[in-house]
Amino acid sequence: MKQHRRRQLLEAYRLARYEVDAEARFELRVDCASEPLMALYDVHGVSTASYVTAFNPQSVRHSDIANRRAHERLLASLGQGGWPLLGGRARDPDGAWPAEDSVLVLGISQRQTLRLGQAFDQMAVLWCTADAIPRLLEC
């Protein structure tokens with residue numbers, strides 16, 4: 001992938017809004033601390049999380065059917081790990097790119113997060129450490 005396009009995509013990921021369907025829906029933003037995420041850490045006794053999608057591998061638009069199937073495979077894969085999961089959607093704030101079904105995974109390691117991103121051919125995922133600040137993690 002050309003370096004210029006990669007930089008554009010990474011900037012788009014930084015600006016995206018990452019919705020989480022918790023009891024009270026909230027939004028994650030890259031490099032911004034999240035009090036609702038910290039509260040989830042406390043409830044579930046964890047100190048890490050990731051936010052992943054299987055939609056549109058390598059930021060190339062795929063059909064709705066292909067994206068749904070990929071999302072189902074992601075959920076099946078995550079179900080085997082036993083982590084607490086919350087659904088959500090990644091949204092382009094300008095609305096130029098369609099929303100992507102996603103999953104917040106609580107208590108997962110950085111290594112496991114990278115493996116998931118790579119397995120589903122994603123350029124990047126969100127990784128959150130104990131400070132509850134989502135950061136882009138390139139796959």
Side-chain angles (χ1 to χ4, degrees):
M1 176 178 294
K2 294 183 178 181
Q3 193 63 19
H4 177 70
R5 174 156 162 69
R6 185 173 191 79
R7 279 195 308 268
Q8 284 181 319
L9 288 170
L10 290 172
E11 183 59 22
Y13 302 156
R14 281 185 187 84
L15 297 175
R17 303 297 184 257
Y18 301 93
E19 293 177 358
V20 178
D21 295 332
E23 191 171 310
R25 182 177 291 163
F26 67 94
E27 190 176 87
L28 296 172
R29 295 182 67 185
V30 173
D31 297 330
C32 295
S34 172
E35 288 183 29
L37 179 58
M38 186 64 75
L40 284 174
Y41 282 1
D42 289 343
V43 167
H44 292 279
V46 301
S47 60
T48 62
S50 65
Y51 192 94
V52 297
T53 187
F55 271 45
N56 301 314
Q58 290 299 307
S59 294
V60 174
R61 288 190 189 191
H62 286 66
S63 71
D64 288 343
I65 292 171
N67 281 328
R68 292 272 164 240
R69 286 181 181 152
H71 186 69
E72 289 170 9
R73 287 192 311 273
L74 173 63
L75 291 175
S77 176
L78 289 169
Q80 295 174 1
W83 299 287
L85 308 174
L86 294 168
R89 278 148 310 286
R91 295 190 184 274
D92 172 3
D94 297 328
W97 189 262
E100 297 181 342
D101 288 353
S102 305
V103 182
L104 179 71
V105 186
L106 297 167
I108 191 170
S109 73
Q110 183 177 14
R111 186 171 163 200
Q112 291 162 319
T113 297
L114 264 176
R115 282 187 191 153
L116 275 174
Q118 292 163 349
F120 289 90
D121 205 19
Q122 298 296 307
M123 281 185 56
V125 293
L126 288 186
W127 168 245
C128 313
T129 56
D131 59 9
I133 298 175
R135 293 178 178 86
L136 277 179
L137 183 62
E138 290 187 58
C139 299

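Computed over heavy atoms, backbone and side chain alike; hydrogens, waters and symmetry mates excluded. Quick caveat: nothing in here was measured; it's all calculated off a predicted structure. Here, residue 1 is the first one in the sequence, and each next residue gets the next number.
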Interatomic distance, [X] atom [atom1] to [Y] atom [atom2] [nearest 0.5 angstrom]:
{"X": "Asp42", "Y": "Ser47", "atom1": "CG", "atom2": "OG", "result": "10.5 Å"}
{"X": "Arg89", "Y": "Tyr18", "atom1": "CZ", "atom2": "OH", "result": "14.0 Å"}
{"X": "Ser77", "Y": "Arg115", "atom1": "OG", "atom2": "CZ", "result": "11.0 Å"}
{"X": "Gln8", "Y": "Arg5", "atom1": "CD", "atom2": "CZ", "result": "7.5 Å"}
{"X": "Thr48", "Y": "Tyr41", "atom1": "OG1", "atom2": "OH", "result": "6.0 Å"}

Side chain to side chain contact (heavy atoms under 4.5 Å, CB included) between Phe55 and Gln122, intermediate numbers included: CA-CA 8 Å; Phe55 271 45; Gln122 298 296 307; 5.8 Å; no
Residues Glu27 and Arg91 bridged, charged N to O under 4.0 Å: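 Salt bridge: no.
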Identify whether the distance between the nearest side-chain nitrogen and carboxylate oxygen of Arg17 and Asp92 falls below 4.0 Å.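 Not counted as a salt bridge, because no side-chain N and carboxylate O are separated by less than 4.0 Å.
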Indicate yes or no: at least one non-hydrogen side-chain atom of [X] is less than 4.5 angstrom from one of [Y].
{"X": "Asp101", "Y": "Thr53", "value": "no"}
{"X": "Ile108", "Y": "Val52", "value": "no"}
{"X": "Leu86", "Y": "Asp21", "value": "no"}
{"X": "Trp83", "Y": "Gln112", "value": "yes"}
{"X": "Val105", "Y": "Ser50", "value": "yes"}

How about [atom1] on [X], more than 12 heavy atoms from neighbouring residues, nucleotides or ligands closer than 6.0 Å, or not?
{"X": "Asp64", "atom1": "CG", "answer": "no"}
{"X": "Arg69", "atom1": "CZ", "answer": "no"}
{"X": "Arg29", "atom1": "CZ", "answer": "no"}
{"X": "Arg61", "atom1": "CZ", "answer": "yes"}

Let me know which of Leu126, Leu10, Leu15 forms a side chain to side chain contact (heavy atoms under 4.5 Å, CB included) with Val30.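 In the set Leu126, Leu10, Leu15, the residue that makes a side chain to side chain contact (heavy atoms under 4.5 Å, CB included) with Val30 is Leu126.
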Among Leu104, Val20, Ile133, find the one that has a side chain to side chain contact (heavy atoms under 4.5 Å, CB included) with Leu37.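 Single pass found, and it is Leu104.
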Consider only side-chain heavy atoms of I, L, V, M, F, W and Y, link residues closer than 4.5 Å, and tell whether [X] and [Y] are in one cluster.
{"X": "Leu137", "Y": "Leu74", "result": "yes"}
{"X": "Trp97", "Y": "Phe120", "result": "no"}
{"X": "Leu106", "Y": "Leu28", "result": "yes"}
{"X": "Val46", "Y": "Leu40", "result": "yes"}

Under 3.5 Å, is there a donor on one side chain and an acceptor on the other for [X] and [Y]?
{"X": "Asn56", "Y": "Asn67", "result": "yes"}
{"X": "Thr113", "Y": "Gln110", "result": "no"}
{"X": "Ser59", "Y": "Tyr13", "result": "yes"}

Can any side-chain N or O of Tyr51 pair as donor or acceptor with the backbone N or O of Cys128 at less than 3.5 Å?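 Between the backbone of Cys128 and the side chain of Tyr51 there is no qualifying donor-acceptor contact (under 3.5 Å).
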Backbone of Met123 reached by a side-chain donor or acceptor of Glu138 within 3.5 Å: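 No, the answer is negative, given that no donor and acceptor are paired below the 3.5 Å cut-off.
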Under the side chain to side chain contact (heavy atoms under 4.5 Å, CB included) test, residues paired with Gln118 that sit two or more places apart: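 If we apply the side chain to side chain contact (heavy atoms under 4.5 Å, CB included) test to Gln118, skipping adjacent residues, the hits are Leu114, Cys139.
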Can you name the side chain to side chain contact (heavy atoms under 4.5 Å, CB included) partners of Ala66, sequence neighbours left out?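 Scan of Ala66 (side chain to side chain contact (heavy atoms under 4.5 Å, CB included), adjacent residues dropped) gives His62, Ser63.
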